[in-house]
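Worksheet for the structure shown next.
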Amino acid sequence: MATPLLSVSSLTIGIRRKGQPDTVIVDSLSFDIQKGERFGIVGESGSGKSLTLRAIADLLPKGVEVLSGSIRYDGAELIGMPAAQRRKLMGPEIAMIFQEPMTALNPVVRVGEQIAEGPRRYLGLSKQAAAELAIEMMAKTGIPDPARRARAYPHELSGGLRQRIMIAMALSCGPKLLLCDEPTTALDVTVQHQVLRVLEELCADSGASLAFVTHDLAVVNQTCTDLAVMYAGHIVESGRVAEVFSDPRHPYTKGLLDSAPDFDQPDRELVSIPGFPPNLAARPSGCPFAPRCQFAVEACTTAMPPTDEVAPGHFAACFESARIFEGAAA
Amino acid sequence: MLHRLRFIPGRLVQSIPVAFGVTLIVFFMARLLPGNAALAILGQQANAASVAALSKQLGLNQPLWEQYFLFIGRLFQGNLGTSLTYQIPVSELLSQAIPVTLSLLGLALLLALVISVPLAALAAFRPGSPRDLGVRAFTLLGQGMPQFWLGIMLILLLAIGVPLFPVGGYGNSPADHPYYLFLPSLTLAIAMCPTIIRSLRSSMIDVLGSDYVGTARSKGSYGAALFRGHVLRNAAIPTVSVIGVNLGFLVGGSLVIEKVFALPGLGSIMINAIFTRDFPTVQGVTLFVALFVVVVGILTDVVYTMLDPRVDLSGKENA
Ligand SMILES: Nc1ncnc2c1ncn2[C@@H]1O[C@H](COP(=O)(O)OP(=O)(O)OP(=O)(O)O)[C@@H](O)[C@H]1O
Ligand SMILES: [Mg+2]
């Protein structure tokens with residue numbers, strides 16, 4: 001297999017404390033994203049999805065840092081790379097779209113100028129040419145009357161338009177990897193649909209890969225080719241979207257699928273997962289999901305289960321996977 | 001942009017009753033000062049007859065309210081009366097003093113910004129670092145020093161110790177003025193800095209932690225470009241009103257500083273006028289200061305509106 005575009009291995013993110021053990025938030029995460037792949041990361045709130053993306057973009061909040069592990073982009077190690085060199089990747093190679101289109105745009109700068117900023121810096125365009133490119137990008141994201149809208153301030157635009165602006169901005173330098181942190185969560189369902197379509201089409205056109213964080217399984221199903229399911233800072237299951245959805249091999253994934261509404265089977269009863277995610281400061285030893293897992297056995301609470309390849313390209317970290325899903329696997 | 005400045009005429013109209021109120025207060029406050037202007041002019045040794053004659057000539061024997069209406073009537077004709085001490089129109093006195101005080105304030109504001117913006121940025125980019133602590137120590141120190149004392153220290157240091165600047169005065173030609181105004185402006189600026197730095201520092205920290213600065217960083221923006229393009233203007237917005245309020249207080253401070261540096265501005269005139277019971281001059285200066293505060297209030301809102309496209313003070317909903 002060719003070198004993956006992005007290869008994350010044993011990535012551990014947390015807070016360093018003097019004289020105390022570090023607080024680990026994301027625990028030895030590993031996944032690869034191939035060129036052109038659309039990779040979804042799902043999981044409950046607080047499972048560390050945003051921090052994982054931010055670690056890739058070097059945008060971790062103050063105090064939170066990468067404790068160990070490696071992030072390779074196109075073969076080059078990002079962890080420990082000089083800041084100036086790493087910054088040059090942001091825009092032309094890697095771009096990011098944030099969850100909140102209201103707060104992610106500078107309120108006092110016209111949106112057209114905000115889109116033009118990256119191209120001016122990286123593509124060496126004149127002010128005029130960058131402004132034209134911005135309008136062109138806005139048109140590509142389906143913003144009506146882009147020349148006029150380019151002169152608007154963020155507060156003058158609707159949430160859907162603002163998120164299209166974010167997409168136009170992220171794609172303006174032709175990145176090869178687009179990091180999306182719940183880009184549609186703040187939008188209502190119809191707008192959400194349109195924005196996802198635009199995102200998908202533009203990525204397909206430019207061949208950009210996508211790392212797509214969400215807690216919405218329907219969105220993953222619609223947008224992504226592959227996914228990883230995160231729970232409390234761990235990837236508990238990963239594989240092709242279709243396969244994981246039809247044949248989940250981790251009780252947490254199964255629980256997530258059962259708790260999500262299914263439009264094909266509207267009568268199916270929704271089952272919520274009992275209990276709450278663990279407190280990060282008092283992390284249980286063993287499988288983090290064990291305290292909430294109805295199938296947990298003795299072994300689950302003592303050691304972290306290894307990640308097994310349960311089927312070609314399909315991984316799960318559960319001791320009891322074979323037993324629990326025996327019937328389903330056949 | 002322009003349509004959001006429609007609030008200005010309305011604000012000017014609103015300030016008319018305020019100005020009226022000010023004239024009332026100014027007029028009667030000035031009369032509350034104990035002592036007789038005629039006596040003050042003629043000196044303690046003057047005989048009773050000449051004091052009575054001068055009082056009559058100055059109209060000091062008429063009932064207060066009559067004097068007030070006379071004052072207002074003249075005011076409408078742009079006549080502020082005649083200085084009792086100098087026997088020249090108050091407006092003439094003011095027209096010489098106002099440029100001095102305004103240049104002092106303007107230069108002080110400029111210096112305050114030149115000092116505050118970099119210091120606040122130094123502190124805000126690394127909160128908790130030694131340089132942040134240094135900046136915070138400076139603001140505490142700046143706040144603890146009385147202005148007149150600071151002025152005297154600066155004279156001792158930079159005019160007498162190392163004779164870089166004049167000890168006082170305003171200079172003879174317009175080209176000299178900035179040179180003479182530098183130390184007094186610096187004194188006022190240092191007094192103004194702590195408030196500005198504190199406000200800027202905290203808003204810069206907020207802005208640096210905001211999502212849109214994250215977005216800017218994700219576009220590869222950093223350092224000076226990030227600061228100019230995304231941090232400064234957003235951080236300045238809350239600080240503008242802080243500066244507006246402080247300019248009002250600063251006028252009070254400038255009166256004392258002018259005395260320390262022997263500047264022929266409103267402060268010097270005002271203090272002399274109070275000691276000699278020169279009512280028309282006291283009224284003129286106070287009226288000007290009150291109008292200045294009103295105008296600064298309006299200017300603050302103008303700057304605020306120009307910095308922040310979300311602000312519309314004209315009272316109409318955004319389309
Ligand atoms: N700045 C921070 N300082 C300390 N802890 C943080 C910080 N940001 C996030 N965390 C912790 O890291 C954990 C993971 O946060 P993260 O934002 O990655 O979650 P998430 O999976 O994106 O959740 P959501 O779906 O709510 O966005 C959270 O439990 C949170 O407590
Ligand atoms: Mg998140």
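To find a chain, count down the sequence lines: A is the first, B the second, and so on, and within it residues start at 1.
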Exercise for the section: May I have the step-by-step check of side-chain contact (heavy atoms from CB on, under 4.5 Å) for B:Thr215 and A:Gln114, ending in yes or no? Expected result: CA-CA 10 Å; B:Thr215 305; A:Gln114 298 193 50; 5.9 Å; no
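Taking each heavy atom of B:Gly220 and A:Tyr122 in turn, the nearest pair found is CA-OH, 3.3 Å. The shortest non-hydrogen separation linking B:Lys219 to A:Met169 is NZ-SD, 3.5 Å.
At a 4.5 Å heavy-atom cutoff, the contact between A:Ala104 and chain B is made by backbone and side-chain atoms alike. If you measure heavy-atom distances from A:Val108 to chain B, the contacts under 4.5 Å come from both the backbone and the side chain. Only the backbone of A:Leu105 comes within contact range of chain B, with heavy atoms under 4.5 Å apart. In this structure, chain B has a heavy atom under 4.5 Å from the side chain of A:Lys62, while its backbone stays farther away.
Using a 4.5 Å heavy-atom cutoff, the side chains of B:Ser218 and A:Phe98 are in contact.
Heavy-atom pairs under 4.5 Å with chain B were tallied for A:Asp58, A:Asn106, A:Leu89; the largest tally goes to A:Asn106. For chain B, the option among A:Met102, A:Met96, A:Arg121 with the highest count of heavy-atom pairs below 4.5 Å is A:Arg121. Interface remark: of the candidates A:Pro107, A:Ala170, A:Ala83, A:Pro107 forms the most heavy-atom pairs closer than 4.5 Å to chain B.
Rounded to the nearest 0.5 angstrom, B:Arg217 CZ and A:Arg87 CZ are separated by 9.5 Å.
For OH of B:Tyr222, the number of neighbouring non-hydrogen atoms (other residues, nucleotides, ligands) closer than 6.0 Å is 12 at most. Within a 6.0 Å radius of CZ in A:Arg151, no more than 12 heavy atoms belonging to other residues, nucleotides or ligands are found.
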